[in-house]
K.L.:
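Would you mind keeping the following structure in view while I ask a few things?
Just so it is clear, the structure is predicted and the values come from calculations on it, not from any experiment. Below, all heavy atoms of this structure are taken into account, side chains as well, without hydrogens, waters or symmetry copies.
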Amino acid sequence: MINTFRVVAFLEGLSYLLLLFIATPIKYIANDPQYVKMLGMPHGLLFIGYIALAFVIKSDFKWTSKDFAIILIAAIIPFGTFYVDKKYLKQA
């Protein structure tokens, strides 16, 4: 389960960065929303998967409430899921 969470965390973080730094500027600078539409749904599904898997593996890792809050908040911060992988998941 941990490997699945790590893959989802990586893909969620990557899709978020692509959405923020590639698709959104293209939408507003070039007036072309197709990339936001194309990346939005996969990112949303990966975000939901990340949150759901975090709840599933929480007890396995015995994360404190503070650690768990950081892991959940990391999903909405650029590069946050990469931090979670390095700090909380590498040891597994």
Side-chain angles (χ1 to χ4, degrees):
M1 189 62 79
I2 182 63
N3 289 332
T4 303
F5 184 66
R6 289 185 72 194
V7 168
V8 169
F10 175 78
L11 292 175
E12 195 277 334
L14 181 63
S15 70
Y16 191 39
L17 292 176
L18 290 173
L19 196 58
L20 281 178
F21 298 116
I22 305 293
T24 302
I26 289 173
K27 177 181 178 180
Y28 290 107
I29 294 170
N31 200 23
D32 185 5
Q34 78 177 7
Y35 297 105
V36 172
K37 290 178 182 177
M38 185 172 52
L39 287 171
M41 179 64 76
H43 169 69
L45 293 173
L46 288 165
F47 177 81
I48 292 169
Y50 176 87
I51 299 298
L53 285 171
F55 275 98
V56 169
I57 68 169
K58 177 185 176 188
S59 61
D60 294 343
F61 282 92
K62 297 177 178 69
W63 288 324
T64 65
S65 295
K66 180 183 174 186
D67 289 339
F68 190 60
I70 290 170
I71 289 163
L72 293 179
I73 291 169
I76 59 172
I77 298 173
F79 301 100
T81 58
F82 303 117
Y83 170 78
V84 166
D85 185 56
K86 184 174 182 174
K87 175 143 183 172
Y88 297 100
L89 304 176
K90 274 289 194 200
Q91 307 93 301

K.L.:
Where is the tightest heavy-atom contact between I51 and A75, given as atom of each residue plus distance?
P.N.:
CD1-CB, 4.2 Å

K.L.:
So, for G49 and V8, which heavy atoms are closest and what is the spacing to 0.1 Å?
P.N.:
C-CG1, 4.0 Å

K.L.:
Who else is in L45's hydrophobic cluster (ILVMFWY, side-chain heavy atoms under 4.5 Å, direct or via others)?
P.N.:
M41

K.L.:
Do M1 and Y50 sit in one hydrophobic cluster, given that two such residues count as connected whenever their side-chain heavy atoms are within less than 4.5 Å of each other, even indirectly?
P.N.:
yes

K.L.:
After noting the C-alpha distance and the side-chain angles of L53 and I57, does the key distance pass the side-chain contact (heavy atoms from CB on, under 4.5 Å) rule?
P.N.:
CA-CA 6 Å; L53 285 171; I57 68 169; 5.5 Å; no

K.L.:
Partners of V36 by side chain to side chain contact (heavy atoms under 4.5 Å, CB included), sequence neighbours excluded?
P.N.:
L19, A23, T24, K27

K.L.:
Sort and list the pairs that fulfil side-chain hydrogen bond (donor to acceptor under 3.5 Å, both in side chains) and have at least one residue in residues 55-70, not counting sequence neighbours.
P.N.:
T64-D67, D67-Y88

K.L.:
Who pairs with F10 by ring pair (Phe, Tyr, Trp, His ring centres under 6.0 Å), at least two apart in sequence or on another chain?
P.N.:
F82

K.L.:
Any pair with a residue in residues 13-42 that passes ring-ring contact (aromatic ring centres under 6.0 Å, His included), sequence neighbours left out, goes on the list, sorted by first then second residue, please.
P.N.:
Y16-H43

K.L.:
Once you round to the nearest 0.5 Å, how far does CG of L14 lie from CG of L39?
P.N.:
9.0 Å

K.L.:
Which residue pairs pass the salt bridge (charged side-chain N to carboxylate O under 4.0 Å, His left out) test with at least one member in residues 70-89, sequence neighbours excluded?
P.N.:
R6-D85

K.L.:
Using the side chain to side chain contact (heavy atoms under 4.5 Å, CB included) criterion, which residues pair with L11? Sequence neighbours excluded.
P.N.:
V7, L46

K.L.:
Who pairs with Y83 by ring pair (Phe, Tyr, Trp, His ring centres under 6.0 Å), at least two apart in sequence or on another chain?
P.N.:
none

K.L.:
Quick check: closest heavy atoms across F5 and A54, and the distance to 0.1 Å?
P.N.:
CE1-N, 3.6 Å

K.L.:
Is there any side-chain hydrogen bond (donor to acceptor under 3.5 Å, both in side chains) pair reaching into residues 71-81, and which pairs are they, with sequence neighbours excluded?
P.N.:
none

K.L.:
Tell me whether F55 is reachable from I76 by hopping between hydrophobic residues (I, L, V, M, F, W, Y) whose side-chain heavy atoms are closer than 4.5 Å.
P.N.:
yes

